[in-house]
There are 2 protein chains.
Amino acid sequence: MGKPHQQRKQEIIQSTLALAAELGVKKVTTQAIADRVGVAQATIFRHFKTRDAIFAEAIAWLASQLFLVLSDCFQSQQDADQRLQRLVHRQLQFISEHKGLPRLLFSDRLHLESPALKQAVQTIMQRYTREVAELIEEGIDRGHFRQDLDAMQSAGFITALIQGLVMRWSIFNFDFDLEQEAKPLWAFIDSALR
Amino acid sequence: MGKPHQQRKQEIIQSTLALAAELGVKKVTTQAIADRVGVAQATIFRHFKTRDAIFAEAIAWLASQLFLVLSDCFQSQQDADQRLQRLVHRQLQFISEHKGLPRLLFSDRLHLESPALKQAVQTIMQRYTREVAELIEEGIDRGHFRQDLDAMQSAGFITALIQGLVMRWSIFNFDFDLEQEAKPLWAFIDSALR
DNA sequence: CAAAAATGTGAGTGATTAATCACTTTTTAT
DNA sequence: ATAAAAAGTGATTAATCACTCACATTTTTG
């Protein structure tokens, strides 16, 4: 039964994310993770030093997947406005498929218990906003967006808009289709930028 | 030392909010509240049946205060766009002065442990969005905003925008001035609606 | 003033849970 | 094959925390 380290680690991370999505971060106990993976609770600590270390790696995994999905939106083989529209859609799609992400983002653990986790999220958010800002900058230069825009500020508002939307989705028990919001959301963003 | 019930209840609620702002919801234990109020931990339960009941009343108090502060924005003695601008500013100001609000909003306790709390927040958010939608509706009718806007949808995006901004503020340790964001935020909203 | 009601408290209880540890089994490397 | 390393486990620990209870004090009320 003793699987190789990396494989078991991935199982633990994926189980953690699945449980976070289903039950919320608070209920993701090391026991619950162990049960889902099919090992004893103590075994979890063979693979991660602490519980927070699991969350940290889960967040890192989500970030890497997200940037992978968005990567072609950040490369200019198309007009900036088209790519930004695609980015909005892909982002909502990704979150729809990974409900664990908003759960982690909205958890107290992240917000106050673990400065390290918070730091990780800060870095990811900054990188994300910076990349969106570059995209907008390009759109301004090419005349797709208004000339008087502050790219960094606009990028900040766009990420805020998406996060706020996701938060409402989370508060309302994921009971509306997030992806369906992509179209009107883009209409709103587009008219703010043009 | 035995103070009247309502007075003690208010002390407990205010202490809870202060602690939530400073330390985050997780660390607002009944012991911490009791220490701050200056009574024994057991005394807390003379005034509230459960810990969640404290949070519930704290949220209700915040909501009543918020709607009080925003009340004149919802009454039409002025152009809708001016009132909406004022609403955005007042809202950010209010949250700046009540950091406990985002802490409660982002806590997993609210999100998953207590359906009753979540329900309360849902109701408040719906009322808020509805009132903003009415404001926008009026602005559309009077020609201050675009004719093709969906008022309810726009109101949803505006609240999402504010909430997302507040979330970033929370994740970044309240380390930028939220009120200062009011001006550029309004510029963004205004250009999206006009 | 006296009874009743409200407020307050110290000392618990029980439940939860991350982390440890001594020991066993399995896998990997030489 | 065999030694070393890795993976796994049951039992336990230590800490935390909401909540209870019997009893004391204060406040309110008739």
Side-chain angles (χ1 to χ4, degrees), chain A residues 1-17 19-20 22-59 103-104 107-117, chain B residues 1-17 19-20 22-59 103-104 107-117:
Chain A
M1 277 291 188
K3 298 200 184 182
H5 192 66
Q6 283 309 318
Q7 192 177 331
R8 195 58 103 193
K9 273 190 100 162
Q10 262 306 307
E11 285 179 18
I12 291 171
I13 288 171
Q14 294 308 317
S15 294
T16 298
L17 287 173
L19 286 168
E22 288 166 25
L23 312 169
V25 176
K26 173 80 193 296
K27 289 182 185 161
V28 184
T29 60
T30 53
Q31 184 66 63
I33 298 168
D35 288 349
R36 192 175 186 108
V37 174
V39 294
Q41 184 245 359
T43 306
I44 299 299
F45 292 91
R46 285 271 173 240
H47 301 275
F48 293 90
K49 205 163 185 332
T50 64
R51 180 171 172 252
D52 274 348
I54 305 173
F55 290 133
E57 292 209 25
I59 286 174
R103 292 286 194 227
L104 286 170
S107 72
D108 307 342
R109 172 143 296 97
L110 184 146
H111 276 241
L112 282 145
E113 278 173 69
S114 170
L117 281 185
Chain B
M1 277 293 188
K3 298 200 185 182
H5 193 65
Q6 283 309 319
Q7 192 176 331
R8 194 60 102 194
K9 273 190 101 162
Q10 262 306 308
E11 285 179 18
I12 291 171
I13 289 171
Q14 293 308 318
S15 295
T16 298
L17 287 173
L19 285 168
E22 289 167 24
L23 312 169
V25 176
K26 174 81 191 296
K27 289 183 186 161
V28 184
T29 60
T30 52
Q31 184 65 66
I33 298 168
D35 289 348
R36 195 177 183 106
V37 173
V39 295
Q41 185 241 5
T43 306
I44 299 297
F45 292 91
R46 285 273 174 241
H47 301 274
F48 293 91
K49 206 167 184 330
T50 64
R51 180 170 173 253
D52 273 348
I54 305 174
F55 290 134
E57 292 210 26
I59 286 173
R103 292 289 193 224
L104 286 170
S107 73
D108 10 336
R109 172 144 296 99
L110 184 146
H111 277 237
L112 282 146
E113 279 173 68
S114 170
L117 282 185

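In what follows, chains are A, B, ... by sequence order, proteins preceding strands, each numbered from 1.
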May I have the distance from [X] (atom [atom1]) to [N] (atom [atom2]), rounded to whole angstrom?
X: B:Ile33; N: D:dA18; atom1: CD1; atom2: C1'; answer: 11 Å
X: B:Asp35; N: D:dC17; atom1: CG; atom2: P; answer: 12 Å
X: A:Ile12; N: D:dG8; atom1: CD1; atom2: C1'; answer: 11 Å
X: B:Phe48; N: C:dG8; atom1: CZ; atom2: P; answer: 12 Å
X: B:Gln7; N: C:dG8; atom1: CD; atom2: C1'; answer: 15 Å

Is the phosphate of C:dG8, meaning OP1 or OP2, less than 4.0 Å from a side-chain N or O of B:Arg8? yes
Phosphate OP1/OP2 of C:dG8: any B:His47 side-chain N/O under 4.0 Å: yes
Below 3.5 Å between N/O atoms, which protein atoms pair up with nucleotides 22-25 of chain D? Just atom names and distances, please.
unit_1: D:dA22; atom_1: N6; unit_2: B:Arg46; atom_2: NH2; d: 3.3

Could you list the residues that satisfy side chain to side chain donor-acceptor pair (under 3.5 Å) with A:Thr29, not counting sequence neighbours? none
Using every non-hydrogen atom in the two residues, find where B:Ala58 and B:Ile13 come nearest and quote the distance to one decimal. CA-CG2, 3.8 Å
Would you name the heavy atoms of B:Arg51 and B:Lys26 that are closest together and state the gap between them? NH2-O, 4.0 Å
Student check: side-chain heavy atoms of B:Arg8 and B:Val37 closer than 4.5 Å: yes
Please report the C-alpha distance between B:Ile33 and B:Val28 in whole Å, then the side-chain angles of each, then the deciding distance to 0.1 Å, and finally whether the side chain to side chain contact (heavy atoms under 4.5 Å, CB included) criterion is met. CA-CA 7 Å; B:Ile33 298 168; B:Val28 184; 3.6 Å; yes
Check: protein-nucleotides 15-19 of chain C nitrogen or oxygen pairs below 3.5 Å:
unit_1: C:dA18; atom_1: OP1; unit_2: A:Arg51; atom_2: NE; d: 3.3
unit_1: C:dA18; atom_1: OP2; unit_2: A:Thr30; atom_2: N; d: 2.9
unit_1: C:dA18; atom_1: OP2; unit_2: A:Thr30; atom_2: OG1; d: 2.8
unit_1: C:dA18; atom_1: N7; unit_2: A:Gln41; atom_2: NE2; d: 3.4
unit_1: C:dA19; atom_1: OP2; unit_2: A:Arg51; atom_2: N; d: 2.7
unit_1: C:dA19; atom_1: N7; unit_2: A:Gln41; atom_2: NE2; d: 3.1
unit_1: C:dA19; atom_1: N6; unit_2: A:Gln41; atom_2: OE1; d: 2.9

In sequence, state the C-alpha distance, the side-chain angles, and the governing distance for B:Glu11 and B:His47, and then conclude on side chain to side chain contact (heavy atoms under 4.5 Å, CB included). CA-CA 11 Å; B:Glu11 285 179 18; B:His47 301 274; over 6 Å; no
Could you pull out all residues at least two apart from B:Ala34 that satisfy side-chain contact (heavy atoms from CB on, under 4.5 Å)? B:Val39, B:Gln41, B:Ile44
Can you name the residues that form a side-chain contact (heavy atoms from CB on, under 4.5 Å) with B:Ala53, not counting sequence neighbours? B:Phe48, B:Thr50
